[in-house]
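Throughout, a chain's letter reflects where its sequence line sits, starting with A, and its residues are numbered from 1.
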Amino acid sequence: MADFRLFNTLSGSKEVFTPTDPKRITMYVCGPTVYNYAHIGNARPVVVFDCLYRFLSAQYPEVVYARNITDIDDKIIHAASERGCGIESVSAEFTTKYREDMAALGALTPTIEPMATEHIEEMVALTERLIAEGHAYSADGHVLFAVESMPGYGALSGRKLDDMLAGARVEVADYKRHPGDFVLWKPSTDSEPGWDSPWGRGRPGWHLECSAMIRAHLGEAIDIHGGGRDLIFPHHENERAQSCCAYGGDFVRHWVHNAYVDMDGEKMSKSLGNVRTVRELRERYPGEVLRFALLSAHYRSPLNFSGDLLGGARGTLDTFYGALRRHVDVPLIDLPVERTAVYAALLDDLNTPEAIAALHAAATTLNKTSDQNEVARAKAELAVGGGLLGLLQADPEAWFKASSGADDLSADQIDALIEERLAARAGRNFARADEIRDALEEQGVLLDDGPDGTQWRRRG
RNA sequence: GGCUCGGUGGCAGAGUGGUUAUGCAGCGGAUUGCAAAUCCGUCAACGCCGGUUCGAUUCCGACCCGAGCCUCCA
């Protein structure tokens with residue numbers, strides 16, 4: 001098996017991926033806090049790690065992929081109180097919407113989707129253990145992790161304890177022994193959701209759930225832990241502290257973080273108010289277009305989001321599907337995935353732009369050659385390599401003819417007009433033929449005349 | 001202030017110590033009744049200043065600019 005080189009945030013360099021147990025790969029990716037619609041920036045890690053999941057699944061017999069749902073959090077409590085309902089109703093609604101949106105992007109369902117509220121017991125147990133080991137203390141109804149108790153705290157985000165104090169912009173609660181200490185458990189008021197614990201009725205801190213759920217579902221150490229770049233600190237740093245101090249060992253083999261989707265050079269975020277939700281984008285673009293756009297830059301590079309990006313993605317997919325449509329009759333040969341150029345590109349830290357370049361090469365081959373062996377090989381590259389990226393799995397005809405609105409012309413109506421135009425052309429009545437073509441174009445239907453007849457597609 | 005990361009042709013976006021990534025756009029051509037699609041050709045880049053080197057966009061250093069984290073955040 002060829003080496004797969006994957007960047008590790010902890011070391012700051014690409015490392016050969018060497019799983020702890022090649023028979024069972026474990027990957028955990030931080031999922032959503034379900035209090036609102038997911039935006040296209042939230043979708044980036046989903047698509048990136050879905051791609052990684054597909055790539056690993058092609059190489060190893062079992063890949064356990066867990067993506068959590070954070071269904072207890074102060075933001076959810078907030079949203080619920082504004083609506084005057086329970087947090088369950090908010091989190092249930094947005095969990096469903098999240099799953100719909102991510103499915104539309106072609107993301108496979110993770111092996112496990114653990115919910116935070118179903119793991120409170122494990123979180124309490126983990127907290128007790130940290131206290132017993134001298135890494136945590138209770139104070140003023142809270143339980144806090146003592147960062148000074150961990151040698152090497154800060155290694156993931158590359159900071160030292162002293163540096164963190166220098167830039168502290170928030171006032172430090174006086175019950176903390178060290179300003180960097182973070183909450184494992186906090187008290188709930190009567191109106192807030194809470195669970196009984198040795199420290200009274202309360203709820204878990206943000207970082208605790210991931211440590212507890214990883215332990216419960218994947219084991220003490222995992223191969224890959226992923227998420228967006230902004231999770232490095234404090235979330236992953238603290239998660240690492242919790243798990244390493246509770247169970248010892250390395251906890252995570254590869255820390256993998258994706259860069260952001262930018263809006264006019266700034267990151268897209270709910271707090272900046274410049275978000276585009278997946279939901280609204282889906283009304284205008286097929287999910288595959290959004291997916292392609294998200295894969296068009298390397299996952300560690302920022303991706304500038306724009307209408308041009310999406311328009312370009314649509315056009316490129318048209319090119320690929322057009323090449324496939326030219327050869328619908330050619331049977332798909334059984335090309336082993338590891339022999340595709342897409343696979344080879346992904347071997348280098350998931351280089352999706354290079355993989356897409358390989359797809360372009362295959363499409364060009366398909367468009368120009370008449371050699372049946374080359375055609376079969378190129379078609380397989382597009383289908384199999386595309387599959388690795390979660391792309392190009394639709395039927396080409398369906399791709400071009402998919403209707404976006406109820407008032408579109410039906411396929412039958414279009415076919416009838418094409419017949420009429422064909423007759424006009426045969427009689428060299430080009431004025432009438434062009435009239436029909438223009439009329440169809442006004443309805444968003446484009447015609448392509450070829451040696452074997454006329455094909456049509458809807459404008460994207 | 002501390003800590004990170006980045007600055008590639010008109011745009012998007014890979015990569016490399018010496019030989020044009022790729023795509024879009026542009027230009028020229030082939031093809032077409034005209035188009036569209038497609039194909040061929042073509043233009044064009046590595047922030048700035050030093051250093052290392054036979055040779056640097058690629059390594060090192062300074063500088064300028066941008067982004068991010070340090071607070072919830074993919």
Of Asp348(A) and Ala43(A), the one whose closest nucleotide on RNA chain B sits nearer the 5' end is Asp348(A)
Determine the Euclidean distance between corresponding P atoms of rG6(B) and rA14(B); express it in Å to zero decimal places.
-> 12 Å
For Gly227(A), answer base if it contacts any base atom (sugar-phosphate contacts may also be present), sugar-phosphate if it contacts only those atoms, and nothing otherwise; contact means non-hydrogen atoms under 4.0 Å.
-> sugar-phosphate
Sidechain N-carboxylate O distance under 4.0 Å for Asp140(A), Lys186(A) = no
Calculate the interatomic distance between Lys75(A) atom NZ and rU71(B) atom C1'; express it in whole Å.
-> 11 Å
Give one of base, sugar-phosphate or nothing for Val261(A), where a contact means two heavy atoms less than 4.0 Å apart.
-> base
Annotated protein contacts, base or backbone, on nucleotides 30-40 of chain B with a non-hydrogen cut-off under 4.0 Å, one of B, S, - each | ---BBBBSSSS
Between rG33(B) and rA25(B), how far is it from one P atom to the other, in whole Å?
-> 24 Å
Pair His119(A), His217(A): side-chain N/O donor-acceptor within cut-off below 3.5 Å = yes
Taking the side chain from Thr369(A) and the backbone from Leu366(A), do they hold a donor-acceptor pair closer than 3.5 Å?
-> no
What integer number of Å spans the P atoms of rC40(B) and rU31(B)?
-> 15 Å
Please state how far atom CG in Asp73(A) lies from atom P in rC72(B), giving the value in whole angstrom units.
-> 10 Å
Donor on one side chain, acceptor on other, Asn68(A) and Glu113(A), under 3.5 Å = no
Distance in angstrom units between Tyr28(A) OH and rA74(B) P, rounded = 13 Å
Whole-Å distance separating the NE2 atom of His235(A) from the P atom of rA74(B) = 10 Å
Could you write out each protein N or O paired with an N or O of nucleotides 4-14 of chain B at a distance under 3.5 Å?
| residue | atom | partner | partner atom | Å |
| --- | --- | --- | --- | --- |
| rA14(B) | OP1 | His298(A) | N | 2.4 |
| rA14(B) | OP1 | Ser301(A) | OG | 3.3 |
| rA14(B) | O3' | Asn351(A) | ND2 | 3.2 |
| rA14(B) | O2' | Asn351(A) | ND2 | 3.3 |

Base, sugar-phosphate, or nothing for His39(A), non-hydrogen atoms under 4.0 angstrom?
-> base
Pair Asp73(A) + Arg203(A), salt bridge at N-O below 4.0 Å | no
Determine, stepwise, if the pair Glu397(A) / Gln455(A) fulfils side chain to side chain contact (heavy atoms under 4.5 Å, CB included).
-> CA-CA 10 Å; Glu397(A) 285 300 318; Gln455(A) 291 191 305; 3.8 Å; yes
Ion pair Asp101(A)/Lys97(A), N-O distance below 4.0 Å = no
Can Arg325(A) and Asp318(A) be counted as an ion pair, charged N to O under 4.0 angstrom?
-> no
Distance between the P atoms of rC48(B) and rG10(B), in whole angstroms?
-> 13 Å
Treat a base pair as Watson-Crick or G-U wobble with both distances under 3.5 Å, then lay out RNA chain B in dot-bracket form, 5' to 3', with | for cross-strand pairs.
-> (((((((..(((.....[...))).(((((.......)))))....(.(((..]....))).))))))))....
Is the shortest distance from a Lys or Arg side-chain nitrogen in Arg291(A) or Glu288(A) to a carboxylate oxygen in the other one below 4.0 Å?
-> no
Return the value, rounded to whole Å, for the distance between atom CG of Leu231(A) and atom P of rU71(B).
-> 14 Å
Separation of His236(A) atom NE2 from rC69(B) atom C1', in whole Å?
-> 14 Å
Flag for Glu93(A)-Tyr35(A): side-chain donor and acceptor within less than 3.5 Å = no
Cationic tip of Arg421(A) within the cone over Trp456(A)'s six-membered ring, i.e. under 6.0 Å and within 45° of the normal?
-> no
P atom, rG9(B) versus rC49(B): distance in rounded Å?
-> 16 Å
Is Arg159(A) paired with Glu237(A) through a side-chain N to carboxylate O contact shorter than 4.0 Å?
-> no
Distance, rounded to the nearest Å, where Leu317(A) contributes CG and rG23(B) contributes P | 15 Å
Integer-rounded Å distance: rC24(B) C1' and Phe292(A) CZ = 11 Å
Between rC34(B) and rA30(B), how far is it from one P atom to the other, in whole Å?
-> 12 Å
For rG41(B) and rG61(B), measure between their P atoms and round to the nearest Å.
-> 42 Å
rG50(B) to rC43(B) separation - P atoms, rounded to the nearest Å = 30 Å
Is the NZ or CZ atom of Arg44(A) positioned over Tyr299(A)'s six-membered ring, under 6.0 angstrom from the centre and within 45° of the axis?
-> no
